[in-house]
2 protein chains.
Amino acid sequence: MADKNHELRDKGLRLTPQRQLVLEAVRALGHATPEEVAEKVRATHPGINLSTVYRNLETLENVGLVQHTHLGHGGATYHAAEELTHLHLVCGKCGSVGDAPIETAAPFVNTLIDEYGFKTDVTHFAIYGTCANCTAKS
Amino acid sequence: MADKNHELRDKGLRLTPQRQLVLEAVRALGHATPEEVAEKVRATHPGINLSTVYRNLETLENVGLVQHTHLGHGGATYHAAEELTHLHLVCGKCGSVGDAPIETAAPFVNTLIDEYGFKTDVTHFAIYGTCANCTAKS
DNA sequence: TTTTTCCTGCAAGTTATTTGCAACTCGCAT
DNA sequence: ATGCGAGTTGCAAATAACTTGCAGGAAAAA
Ligand SMILES: [Mn+2]
Ligand SMILES: [Mn+2]
Ligand SMILES: [Zn+2]
Ligand SMILES: [Zn+2]
């Protein structure tokens, strides 16, 4: 950290404290809802407004630094872009979220391209089902 | 249709006009949001309340007559259970929803069972990506 | 510095869905 | 047939999750 953080300015964005904090929070949290991001940021900077968080998540997504995913029936959760290298296996019974490497889906993705010309982004929506644990119990 | 429709009573549910209408609407519409179901039902029965539609969709889902799916960032859409035999390929650019047979995903589903013991329901969330049409244009 | 443009907080507005509750009605038991 | 009680309904109000308008404030260009 010799000089100022340029990764935001390089994307043509202004470097505001709020924006940096939102990005740091997303990176620190892994999967996070806007509400959770706000909470994290407020731990050190109580004044930040929730709408600022929403706006910055959108802005950061537009320039490719973060991405959203749908893990459940409700709202989206955010990831740092670098970190989106896994599938999300969401269990409908217990709510657990497991990970699996994206390569697991590679053959499936290829089939969709070959047969339908459809380019899948397998991380955008979760893979929904029942986890091993819950299957065992029932 | 010799005697009364028993499929609802067989599930332990009361046979109310509203409930039958909701089920018929879901069957007639293919993919439908609660709002669209309400609209369809109101074409013949204007008095029906939206909350009644929501409650009946939930009830019908509990007994397995309908199921919901997430096709986009927003709310759920409902299908008749018998009819849920395809994947939904949702294009993030143009919003189109294409279908593909579930068998397309069979190898992928098997991999997840074998490697993680995870039983996937591939129809619950859409498969998100970019359709052939939109890929061609860009 | 000054100016321009972007960003932020705050309040109000949406949209989608849920809930409390009193009135009603379906289906079973007289 | 008639009555009863649990399940359902309509309606209004409440939530939840965002989104928007706007006026003041801060970042970067000039
Ligand atoms: Mn769902
Ligand atoms: Mn999305
Ligand atoms: Zn589970
Ligand atoms: Zn498309």
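Reminder, nothing fancy here: chain letters follow the sequence lines and each chain counts from 1.
- For the pair B:Arg9 and C:dG27, the criterion of a side-chain N or O lying under 4.0 Å from OP1 or OP2 is met.
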Would B:Glu7 and B:Arg27 count as a salt bridge (Lys or Arg N to Asp or Glu O under 4.0 Å) here? Give the steps.
CA-CA 14 Å; B:Glu7 82 183 307; B:Arg27 287 181 171 157; 2.8 Å; yes

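- Distance, B:His68 NE2 to C:dA16 C1': 14 Å, rounded to whole Å.
- Contact annotation for A:Arg19: backbone-only contact, meaning every heavy-atom pair under 4.0 Å involves sugar-phosphate atoms and none involves a base.
- For B:Arg14 and B:Thr52, each mapped to the nucleotide of DNA chain D holding its nearest heavy atom, the one lying further toward the 5' end belongs to B:Arg14.
- B:Ile113 contributes atom CD1, which lies 7.0 Å from atom OG1 of B:Thr120 (distance to the nearest 0.5 angstrom).
- Side chain of A:Asn56, nearest nucleotide from C:dT19, C:dG27, C:dT8: C:dT8.
- Look at CG on A:Asn49: it is 17 Å from P on D:dG24, rounded to the nearest Å.
- Distance B:His70 NE2 to C:dT17 P: 10 Å, rounded to the nearest Å.
- Checking D:dA26, D:dC11, C:dT17 against the side-chain heavy atoms of B:Leu50 singles out C:dT17 as nearest.
- Checking B:His31 against B:His79 by side-chain atom types alone, a donor-acceptor pair falls below 3.5 Å.
- Atoms NE2 (A:His73) and P (D:dA16) sit 18 Å apart, rounded to a whole Å.
- By the neighbour-count criterion of 12 heavy atoms within 6.0 Å, atom CD of A:Glu58 is sparsely surrounded, having that number or fewer from other residues, nucleotides or ligands.
- Contact check, B:Gln18 against C:dT25: no side-chain N or O comes under 4.0 Å of OP1 or OP2.
- The phosphate of D:dT9 (OP1 or OP2) has a side-chain N or O of B:Thr16 nearer than 4.0 angstrom.
- Rounding to whole angstrom units, CG of residue A:Leu13 and P of C:dC7 are separated by 6 Å.
- Nearest to the side chain of A:Ser51, among D:dT20, D:dA26, C:dC26, sits D:dT20.
- If B:Tyr54 and B:Pro17 are placed on DNA chain C by their nearest nucleotide, the residue sitting closer to the 5' end is B:Tyr54.
- In this structure, B:Glu58 places its CD atom 12 Å from P of D:dT9, rounding to the nearest Å.
- B:Gly47 comes within contact range of the sugar-phosphate backbone alone, with a heavy-atom separation under 4.0 Å but no base atom that close.
- Between A:Arg55 atom CZ and C:dG9 atom C1' the separation is 8 Å, expressed in whole Å.
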side-chain contact (heavy atoms from CB on, under 4.5 Å), that's the test. Do B:Asn56 and B:Val37 meet it? Break it down for me.
CA-CA 11 Å; B:Asn56 275 318; B:Val37 170; over 6 Å; no

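- Between A:Leu8 atom CG and C:dC6 atom C1' there is a gap of 14 Å when expressed in whole angstrom units.
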